[in-house]
Amino acid sequence: MGEVHDNEHGHQRRLERVRQLIEQGPQPVVAIEQFDRENQAVLDAALSQCPDVDCVVAKAGTTGWAWRFYRPYVQWALDKKIKLVAANLSNADVRKVMTHGFAAVLGQQLVDTYQLKQIPGQLLSAQNKAIQEGHCNMLPAQAIGPMVQGQIARDVWMAHVVNGVSNAPVVLIAGNGHVRKDAGVMQWLTPQNQAKTQVHGYVENTDQNDAEWYDHVHVVPQVEREDPCLVFTQNRAPKPTKK
């Protein structure tokens, strides 16, 4: 289930859908981009020991996220004992991938399992286009390849988390770029999990590719924000974006 990270309307609509899934049962596992994988043990401990959401986020949450949008998932984990799984790679790990390759972070076994030495050209092309457009078509050519590797590494790890759950339905909470069917997490799921997965995109504007990218498209009102391209026109160094 995707998101535009700063769009409160999309967050609210998705939250309502996840609430329905929890109430209808069986109880899902919620894998969430906003917790980094190395914090799983800390997250588990916080959920068993903390009295409230603020305590959990302070102990295990990744900085830089608007946590008001994700507090309800943590509250469900506290109240209903919903299993929360830290589904993201840290920025530090992504930088390692960009510099040293997939095996430096994922390990050789996962590189072999997901055939990361033989990534389909169509997927690479789609990721290349998304990274370039996501940076206002202002990235130097030599920066795109490493950033694509970083994005793919995150997608592979999220898929690995989903593939690792066998006894419950899984809800993945992540950015629209990660959940895209043509180039995101879906591409790295097992065939059995692909057949059972429904992808929801929560978007501000429709796109001619929506039917290829998502099974269900939820169009939400656009929010006001600063022009994201200003960072490039003001000659500031680009940073990897959350997708």
Side-chain angles (χ1 to χ4, degrees), residues 1-11 13-14 33-34 36 62-70 87-99 101-102 105 119-158 172-187 199-214 217-243:
M1 304 186 79
E3 65 182 51
V4 178
H5 292 306
D6 63 350
N7 190 301
E8 60 185 321
H9 310 290
H11 282 285
R13 286 188 61 180
R14 183 180 62 181
E33 180 183 2
Q34 285 65 41
D36 291 343
T62 304
T63 59
W65 295 99
W67 276 98
R68 67 187 183 277
F69 296 138
Y70 309 102
N88 205 2
L89 297 183
S90 67
N91 287 338
D93 275 349
V94 169
R95 286 191 290 271
K96 287 180 184 178
V97 170
M98 292 169 64
T99 304
F102 294 115
V105 168
I119 299 174
Q122 184 177 353
L123 189 153
L124 288 172
S125 178
Q127 287 285 12
N128 188 302
K129 185 172 185 290
I131 291 291
Q132 185 68 291
E133 291 180 351
H135 292 79
C136 306
N137 295 305
M138 294 184 185
L139 281 177
Q142 66 270 22
I144 298 173
M147 294 182 75
V148 166
Q149 281 206 141
Q151 179 76 358
I152 290 174
R154 281 192 157 123
D155 291 340
V156 168
W157 183 256
M158 290 180 191
L172 173 64
I173 301 298
N176 283 329
H178 287 301
V179 306
R180 274 176 49 173
K181 291 168 61 178
D182 68 318
V185 173
M186 186 73 143
Q187 291 289 314
V199 177
H200 294 253
Y202 291 80
V203 304
E204 293 180 337
N205 301 291
T206 57
D207 188 284
Q208 62 180 358
N209 296 307
D210 281 345
E212 180 185 359
W213 292 351
Y214 313 112
V217 179
H218 308 268
V219 181
V220 298
Q222 188 166 351
V223 298
E224 291 186 12
R225 60 176 66 88
E226 183 182 61
D227 182 355
C229 295
L230 287 177
V231 65
F232 300 99
T233 58
Q234 294 171 353
N235 295 318
R236 289 163 55 186
K239 299 178 181 179
T241 56
K242 302 185 181 90
K243 298 197 67 182

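Heavy atoms only: backbone and side chains are in, while hydrogens, waters and symmetry mates are out.
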Original post:
Heavy atoms, side chains only, cut-off 4.5 Å: are Ile119 and Phe102 in contact?
Top reply: yes
**OP:** With rounding to the nearest 0.5 Å, note down the distance linking CG in Asp182 to CD in Gln122.
**Re:** 7.5 Å
Original post:
So Tyr70 and His11, ring-ring contact (aromatic ring centres under 6.0 Å, His included) or not? Walk me through it.
Top reply: CA-CA 8 Å; Tyr70 309 102; His11 282 285; 5.2 Å; yes
**OP:** May I ask you to test the His5-Phe69 pair for a side-chain heavy-atom distance under 4.5 Å?
**Re:** no
Original post:
With side chains defined as the heavy atoms from C-beta onward, is the minimum distance between Val94 and Val105 less than 4.5 Å?
Top reply: no
**OP:** Report the relative orientation of the aromatic rings in Tyr202 and His218; use parallel for angles under 30°, tilted for 30 to 60°, perpendicular for over 60°.
**Re:** parallel
Original post:
So, Trp213 side chain and Val179 main chain: donor-acceptor pair closer than 3.5 Å or not?
Top reply: no
Subject >> Close side-chain approach of Asp155 to Gln127, heavy-atom, < 4.5 Å >> reply: yes
Subject >> Rounded distance (nearest 0.5 Å) linking atom CG of Asn176 with atom OH of Tyr214 >> reply: 4.0 Å
**OP:** Determine whether Met158 and Asn88 make a side-chain contact, defined as any pair of heavy atoms from C-beta on separated by less than 4.5 Å.
**Re:** yes
Subject >> Under 3.5 Å side-chain donor-acceptor pair for Asn7 and Glu204 >> reply: yes
Original post:
Considering the options Gln132, His135, Gln149, which one meets the side-chain contact (heavy atoms from CB on, under 4.5 Å) requirement together with Ile144?
Top reply: Gln132
Original post:
Which heavy atom in Ala130 sits nearest to a heavy atom in Arg180, and how many Å separate them?
Top reply: CB-NH1, 3.9 Å
Subject >> Side-chain heavy-atom pair His178, Gln151 within 4.5 angstrom cut-off >> reply: yes
Subject >> Shortest non-hydrogen contact between Val203 and Val217, atoms and distance >> reply: CG2-CG1, 3.8 Å
Original post:
What are the two closest non-hydrogen atoms of Glu3 and Trp65, and how far apart are they?
Top reply: OE2-CZ3, 4.3 Å
Original post:
Does the side chain of Ile152 come within less than 4.5 Å of Leu123's, by heavy atoms?
Top reply: yes
Subject >> Shortest non-hydrogen contact from Ala87 toward Leu172 >> reply: CB-CD1, 4.2 Å
Original post:
Looking only at heavy atoms, what is the nearest atom pair of Val219 and Arg13, with distance?
Top reply: O-NH1, 3.1 Å
**OP:** Using modelled atom types only, decide if a donor and an acceptor are shared between the side chain of Thr99 and the backbone of Arg95 within a distance under 3.5 Å.
**Re:** yes
Subject >> NE2-CD1 distance between His200 and Ile173, expressed to the nearest 0.5 angstrom >> reply: 10.5 Å
Original post:
Got a second to check how far Met147's CE is from Leu139's CG, nearest 0.5 Å?
Top reply: 5.5 Å
**OP:** Check whether any side-chain heavy atom of Glu212 sits under 4.5 Å from a side-chain heavy atom of Lys181, and report yes or no.
**Re:** no
